[in-house]
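Working notes for the structure below.
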Protein chains: 4
Amino acid sequence: MAKPNVIKKEDLITAAKECLVEKGIEKFTLRAVADVAMVTQGTIYYHFRTKEQLLLEVVKDICDGSWKELSQINEDVISQAIISAKSRCSHDSFFHKLFLTLVVTGFNNDKIREQLGNILMQENEALSKSILKLWTKSPIEGVSIETWGVFLNAIVDGLALQALVSKNCSIENTFEELEQLIIGLDRLTNLGDGK
Amino acid sequence: MAKPNVIKKEDLITAAKECLVEKGIEKFTLRAVADVAMVTQGTIYYHFRTKEQLLLEVVKDICDGSWKELSQINEDVISQAIISAKSRCSHDSFFHKLFLTLVVTGFNNDKIREQLGNILMQENEALSKSILKLWTKSPIEGVSIETWGVFLNAIVDGLALQALVSKNCSIENTFEELEQLIIGLDRLTNLGDGK
Amino acid sequence: MAKPNVIKKEDLITAAKECLVEKGIEKFTLRAVADVAMVTQGTIYYHFRTKEQLLLEVVKDICDGSWKELSQINEDVISQAIISAKSRCSHDSFFHKLFLTLVVTGFNNDKIREQLGNILMQENEALSKSILKLWTKSPIEGVSIETWGVFLNAIVDGLALQALVSKNCSIENTFEELEQLIIGLDRLTNLGDGK
Amino acid sequence: MAKPNVIKKEDLITAAKECLVEKGIEKFTLRAVADVAMVTQGTIYYHFRTKEQLLLEVVKDICDGSWKELSQINEDVISQAIISAKSRCSHDSFFHKLFLTLVVTGFNNDKIREQLGNILMQENEALSKSILKLWTKSPIEGVSIETWGVFLNAIVDGLALQALVSKNCSIENTFEELEQLIIGLDRLTNLGDGK
DNA sequence: CATGAATGAGGCTTCATTCAT
DNA sequence: AATGAATGAAGCCTCATTCAT
């Protein structure tokens, strides 16, 4: 009956992610995860002592992934931001659905919230740092370059949220204009330099 | 205080909201709602056919409220946006927690998503319309005024999300700079006009 | 589906007792109780918030019963003790099985132990008090009359234990001799008086 | 300390005893035993075919131990009984807790009950035999010397039970009086002889 | 010998829902 | 109009047991 050494923790985490996106936190049941991973519930308990633990490891996994991604962003903020935004909204709504689901779950789970809070902060910082390399001064007086990172991050998340909620997305269009916005801001910066 | 036993339904919806924020969708149980409303579970079933129905009426209630609020926004987009943003983030995180919770619930419930999609769209439109009254042209080339509404809305939601997740928020500061951003954009518009 | 107002708490407690005796603490399962009471497990949870609560109420019920019994013992200690002993051992091993089961359960449950400790103490005291009325002095020097109560109680419990463990009980016989023992002690007392 | 990995089976039985006393039969789990013995559950199955088997061997071990102890009782019944009683009640409640736990478990397991029944009987007999050597006639008419063994055994068990249940034991005191009781009975015997 | 991974049955508990009152 | 008793399905979790290594 026992088939040792077949399933890895990673597989279970992947299955858990799938369930979270597919069914939402409300119906995120260990039976569902077990079914997707084609294992028994007992197996899940062998690897994670509790449901919450599994959830936490899902969060950790996402954070680690996000961290890896961030550490590779170096220069081209614009394209990077747009790509990231698009990827999260359209062809890969998976990630953003998962992310928002966990954020909301975090409202009532400090451990989760803390971890997610960290990546958001890191994202902000990474964006700010990258922008600093591009812009010598802020395109708009009164808005520090650091804060531009926060705004950019916020706008990407906000658009993602809209995309997830509104099916009929003229979102494609919006993203093009987001690109234009950044180009425009860039230009403003140089303009200021030129003076 | 007077006339108890009369507006029951609204009371239940209020209680439901409280529970949603307090416990999250995961532990949003009819017993909890009943306890908060100081009623029995049976009473809930007298007023709502089912748990989902209660949830839908909560969503509807929020949408109606949002709609009323929107119809009062007329002119001063800037202050309005800032106030709204601030209120949702700091002293009244209640609303935004509730909103995001429902958004995530909507990921797996089309009826809910549709309604929430509508308010987001209305918010976008209302903001765009108001901006149109202020700006004769867009401060940044390539970004339509309509889209500015979308961006503004997105940034407000995105910042709210950050505020909810990061406890130690230097958010106060960020909002001031958001105000500066809008002022700056405003100036850019007039600048273009003047030329 | 719902059949209100049919089962009373008492019935559930009775069913629980039966299960405890029939299956032992090891297999004292709520499903079993539900089956015996011909109810669903949910019903048990409506009346007792938890399994332990049910167990505690069983203990309380026994203690109350024991207390009532004790408060009726007045004079004839001898016959009373013998009757009690016999009843607990032979035709009503039910009680003693239940009692010992709960005692052992109490080893790892302070609330239970405390309650059972109380009845034991009360039994001791009741016996001592009754003996005091019969004997003006102790039949054996160095053994206080109070302690005779403790010894009597201990011997009754000890015999019961033996009766429960040894099937082929020549217990009947033993009880008759217990009666003789008490008569003999009684005689010793008077003997001392006569001097 | 030397030669680990050798007497495994005994170690497991010892660990099992510890678990039984520590957690009670209810939570007597193989995982717990494995943890205490610092082995894996699999290892237990290497040595015992089943959980019940382990339990039975625990019982057997106790019975053997008890048997050894009994075969050493020769003469001094009084001191022996008191010592045994005290040891079981106070500084070594371990044994009595274990014993009673197994007794209760035996209520629903004939193999266990039979074995425990045997030791009880052997104890009775051993005590009776020893008493016979001391007393030429019974101190109380109508109570056979054989039965005195049974009573002594019962009283020791009964007191142990009280000691285990009542925390705040004036038990120390009681044991001294038990000693006095036996001395007194002894005197009665000789008294009868002298006449 | 011993282990660790896996199983599946069953335990406790929660919860939406129903129904008689 | 409202309640409280009851249900049954399902959730989380534990545990004895098996098996490949």
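So you know, we letter chains A, B, ... as the sequences are listed, proteins then strands, and number each from 1. Note: hydrogens, waters and symmetry copies are ignored here, and every other heavy atom, side chains too, is used.
Among the nucleotides F:dA16, F:dC12, E:dG8, the one closest to any side-chain atom of D:Y45 is F:dA16. The side chain of B:K8 approaches F:dA2 more closely than any other nucleotide in the set F:dC12, F:dA2, E:dT7.
With sequence neighbours excluded, the residues forming a side-chain contact (heavy atoms from CB on, under 4.5 Å) with D:T29 are D:R31, D:A32, listed by chain and number. With sequence neighbours excluded, no residue satisfies side-chain contact (heavy atoms from CB on, under 4.5 Å) with D:T14. Under the rule for a side-chain contact (heavy atoms from CB on, under 4.5 Å), the partners of C:F28 that lie at least two apart in sequence or sit in another chain are C:A16, C:C19, C:L20, C:I25, C:V33, C:K51, C:L54, C:L55. Listed by chain and number, the residues in a side-chain contact (heavy atoms from CB on, under 4.5 Å) with C:D61 are C:I13, C:K17 (sequence neighbours excluded).
Toward the 5′ end of DNA chain F lies the nearest nucleotide of B:G42, the other residue of the pair A:Q41 and B:G42 mapping further downstream. Summary of the strand contacts: D:R49 and A:E52 both lie near DNA chain F, and taking for each the nucleotide with the nearest heavy atom, the more 5' one is attributed to A:E52.
Salt-bridge annotation for A:D64 and A:K60: present, with a side-chain N of the basic residue lying under 4.0 Å from a carboxylate O of the acidic one. The residues D:R113 and D:D110 are annotated as salt-bridged, a charged nitrogen and a carboxylate oxygen being separated by less than 4.0 angstrom.
Look at A:T43 and you won't find any side-chain N or O under 4.0 angstrom from OP1 or OP2 of E:dA6. Between E:dG4 and A:H47, no contact under 4.0 Å exists linking OP1 or OP2 to a side-chain N or O. Proximity of D:Y46 to the phosphate of E:dA2: no side-chain N or O atom is located under 4.0 Å from OP1 or OP2. A close approach under 4.0 Å does occur between a side-chain nitrogen or oxygen of C:T50 and OP1 or OP2 of E:dT13.
Atom CD1 in A:I44 sits about 15 Å away from atom C1' in F:dT14, given to the nearest Å. The distance between atom CD of A:Q53 and atom C1' of F:dC12, rounded to the nearest whole Å, is 15 Å. Distance C:L54 CG to E:dT13 C1': 14 Å, rounded to the nearest Å. For the pair D:K51 NZ and F:dT14 C1', the computed distance is 11 Å after rounding to whole Å. Put simply, NZ on C:K9 is 15 Å from P on F:dG4, counting in whole angstrom units.
Distance alone, capped at 3.5 Å, is enough to place a donor-acceptor pair between the C:T105 side chain and the C:T101 backbone.
DNA chain F is contacted by no residue of residues 19-38 of chain B, taking any non-hydrogen atom closer than 4.0 Å.
Annotated stems with DNA chain F as a participant read E:2-21 with F:2-21, given as range with range, by first number; only runs of 3 or more Watson-Crick or G-U pairs under 3.5 Å qualify.
A side-chain donor-acceptor contact under 3.5 Å links D:N109 and D:E52.
Classified by interplanar angle (parallel below 30°, tilted 30° to 60°, perpendicular above 60°), the ring pair B:F95/B:F99 is parallel.
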